[in-house]
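Counting convention: from 1, in listed order, for ligands and their atoms alike.
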Amino acid sequence: MSSLSRDTDKLKFHRSLAPSHIDQLVALFQTEWWTKGRNKADVEKMLQSGGPLFAFIDPHNDELVAFARAMTDGVYKAMIFDIIVKETWRGTGLGGVLMNTVLNDPALIDIKHRELYCLDDMVPFYEKWGFATAAAGLNFMRKSEG
Ligand SMILES: CC(C)(COP(=O)(O)OP(=O)(O)OC[C@H]1O[C@@H](n2cnc3c(N)ncnc32)[C@H](O)[C@@H]1OP(=O)(O)O)[C@@H](O)C(=O)NCCC(=O)NCCS
């Protein structure tokens, strides 16, 4: 691993994705348990939904190396989704850069409740950015289609 290719300062931040980066996002999604199986047509539709997206590209090889997205009502609630750092870039501080970028984004910084859901083993990671488990007795509920 060369230090040059793992220097997060060299990465370019993008708020939208070129077609080649969408292909890379679809590939990145195949590597995580909750995004595995997402197809390009649905991902393109998802990206058009209007919520802010956060992407870091390595200009050295035009590689999408980190991604997150959010949806917000602009006042009360923002949900943050799909926080992923490409495996080859993990442990470099890029996850922290991604979290800081998301949380300091003008669209999200003043929202009353910024929320996400995660497995138990990710709780310590999100606690670093001030997230806390919501109140006891509060359930995350889901109605699935298809
Ligand atoms: C979670 C993830 C985004 C972290 O990215 P990363 O680039 O490895 O994180 P960083 O190197 O920036 O680490 C930042 C800090 O978080 C800590 N950290 C990283 N992963 C952690 C984890 N799973 N649990 C607890 N702390 C973690 C690091 O030790 C570091 O701490 P420090 O600042 O005290 O040194 C990355 O591992 C990932 O993409 N995982 C797979 C996808 C995933 O599970 N996403 C979350 C879905 S809820």
Side chain or backbone, does V97 bring an N or O within less than 3.5 Å of an N or O on ligand 1? no
Nitrogen or oxygen of I84 less than 3.5 angstrom from that of ligand 1: no
May I ask you to identify the nearest protein heavy atom to [atom], giving residue, atom name and distance to one decimal place in Å?
| atom | answer |
| --- | --- |
| atom 39 (O) of ligand 1 | V85 N, 2.7 Å |
| atom 48 (S) of ligand 1 | Y126 OH, 3.2 Å |
| atom 5 (O) of ligand 1 | G95 CA, 3.4 Å |
| atom 45 (N) of ligand 1 | I83 O, 2.7 Å |
| atom 38 (C) of ligand 1 | R90 NE, 3.3 Å |
| atom 24 (N) of ligand 1 | D121 O, 3.7 Å |
| atom 17 (C) of ligand 1 | K128 CE, 3.6 Å |
| atom 2 (C) of ligand 1 | F125 CZ, 4.4 Å |

Could you check which of W34, F81, Y117, F67 puts a non-hydrogen atom nearest to atom 44 (O) of ligand 1? W34
Heavy-atom proximity to atom 11 (O) of ligand 1, best of G93, P124, C118: G93
Would you indicate whether M71, at its atom CE, is surrounded by more than 12 heavy atoms from other residues, nucleotides or ligands within a distance under 6.0 Å? no
Atom CG of residue position D120 - does it have more than 12 heavy atoms of other residues, nucleotides or ligands inside 6.0 Å? no
Strictly distance-based, threshold 3.5 Å: is any side-chain N or O of R69 a donor or acceptor partner for the main-chain N or O of D82? no
Under 3.5 Å donor-acceptor, E44 side chain and I22 backbone: no
Could you tell me which atoms of ligand 1, counted from 1 in the order shown, lie closer than 4.0 angstrom to a heavy atom of [X]?
| X | value |
| --- | --- |
| E32 | 41 (C), 42 (C) |
| L94 | 7 (O), 12 (O) |
| G96 | 12 (O) |

Quick one, [X] and [Y] - any side-chain contact, counting heavy atoms below 4.5 Å?
| X | Y | answer |
| --- | --- | --- |
| F54 | L108 | yes |
| W89 | T8 | yes |
| M46 | R38 | yes |
| R6 | L94 | no |

Please determine whether a side-chain nitrogen of the Lys or Arg among D105 and R15 lies less than 4.0 Å from a carboxylate oxygen of the Asp or Glu. yes
Indicate, as side chain, backbone, both or neither, the part of T92 found under 4.0 angstrom from ligand 1 when only non-hydrogen atoms are considered. backbone
Should the proximity of M122 to ligand 1, defined as any heavy atom under 4.0 Å, be assigned to the side chain, the backbone, both, or neither? side chain
Taking ring-ring contact (aromatic ring centres under 6.0 Å, His included) as the definition, give me every residue that meets it alongside Y76, ordered by chain and number, with sequence neighbours left out. none
Distance flag for atom 35 (O) of ligand 1, protein heavy atom under 4.0 Å: no
Under 4.0 Å from atom 31 (O) of ligand 1, can you find at least one protein heavy atom? yes
Please work out which of the three classes, parallel, tilted or perpendicular, describes the rings of F13 and F56, given edges at 30° and 60°. tilted
Which is it for E87 and T31 under the side chain to side chain contact (heavy atoms under 4.5 Å, CB included) test, yes or no, and what are the steps along the way? CA-CA 9 Å; E87 200 164 5; T31 66; 5.8 Å; no
